[in-house]
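A short write-up of the structure that comes next.
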Amino acid sequence: MSQQNIPETIPEGYKKNALGHLVPIASIREQDLLRDEVARRVAAKWMELHEKMKALKAETFADVNDIIRISGDKYGVGLGGEKGGVTIATYDGSIKLVRSVADVITFTEEIESAKALIERCLDRWSATAVTADSAAGIQNLRAIAGRAFAKNRNGNLKKNDVLDFLRTDIDDPDWKQAQQAIRDSIHVSGTSTYIRLYVRKGEAGPHVAIPLDIASV
């Protein structure tokens with residue numbers, strides 16, 4: 001057995017601190033011990049729920065794949081796997097299980113040219129704005145551009161914000177060139193598959209997503 005696989009044993013009556021030192025429990029402040037106890041208790045519950053959610057996800061995907069395969073077998077075609085969107089609903093339509101597949105989009109270095117062209121447009125329009133409304137509109141576009149081209153904590157651009165520029169049609173050569181640069185920069189690096197559950201509220205109400213994200217509960 002390698003050294004890495006040997007579980008660490010902390011002597012009774014001691015706790016390890018953040019520096020890796022063994023500290024007698026008797027010398028640790030009561031508040032520090034309470035904080036440690038709460039953090040460990042909550043973490044244990046979260047890890048247990050995390051494992052259950054992983055198992056639920058795997059089971060859900062398997063169930064969806066099975067019904068697709070059974071449908072294919074009925075017509076003599078081989079189906080299955082996690083490709084393609086599909087909706088599985090209850091007979092009364094009150095519950096929908098939706099599997100969707102989305103492209104994973106990244107942007108090449110050409111996005112920097114698009115950013116420069118958009119900034120050029122905004123600078124030029126700002127210099128020639130003749131009304132307060134037009135100046136305000138330009139400032140709004142500048143704020144949108146700032147958010148769109150600001151990278152998140154993982155170093156990635158906000159995909160939907162960047163693609164929104166393709167939906168804004170402005171009759172300006174630089175703007176159209178910027179849109180083309182965005183199109184040229186789009187790189188599909190793969191796909192992601194999602195499953196969401198929707199439940200209808202009331203007999204004729206809308207379907208509402210049931211989130212498993214703890215922040216959305």
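- Judged by distance alone, the side chain of Arg142 and the main-chain N or O of Leu122 form a donor-acceptor pair under 3.5 Å.
- For the pair Lys158 (side chain) and Ala150 (backbone), a donor-acceptor distance under 3.5 Å is present.
- Between the Gln179 side chain and the Thr168 main chain, a donor and an acceptor come within less than 3.5 Å of each other.
- There is a path of hydrophobic side-chain contacts, each under 4.5 Å, that joins Val199 to Val86.
- Checked by atom type and distance alone, the side chain of Thr191 never pairs as donor or acceptor with a backbone atom of Val101 at under 3.5 Å.
- Leu166 and Leu157 end up in the same hydrophobic cluster when Ile, Leu, Val, Met, Phe, Trp and Tyr side chains are linked at under 4.5 Å.
- Among Ile186, Val162, Asp184, the single residue meeting the side-chain contact (heavy atoms from CB on, under 4.5 Å) criterion with Ile111 is Val162.
- Counting heavy atoms from C-beta outward, Asp169 and Lys176 have side chains that approach closer than 4.5 Å.
- A 4.5 Å side-chain heavy-atom check between Arg124 and Asp172 finds at least one atom pair inside the cut-off.
- Checked against Thr60 for a side-chain contact (heavy atoms from CB on, under 4.5 Å), the options Asn65, Leu197, Ile195 give a single hit: Ile195.
- Taking the charged nitrogens against the carboxylate oxygens, Arg120 and Asp123 have no contact shorter than 4.0 Å, which rules out a salt bridge.
- By the 4.5 Å heavy-atom criterion applied to side chains, Arg99 and Thr193 are counted as neighbours.
- Ring geometry for Phe165 versus Phe149: interplanar angle under 30°, hence parallel rather than tilted (30 to 60°).
- Side chain of Arg200 to main chain of Asp92: a donor-acceptor pair is present (N/O by atom type, distance under 3.5 Å, no hydrogens or angles).
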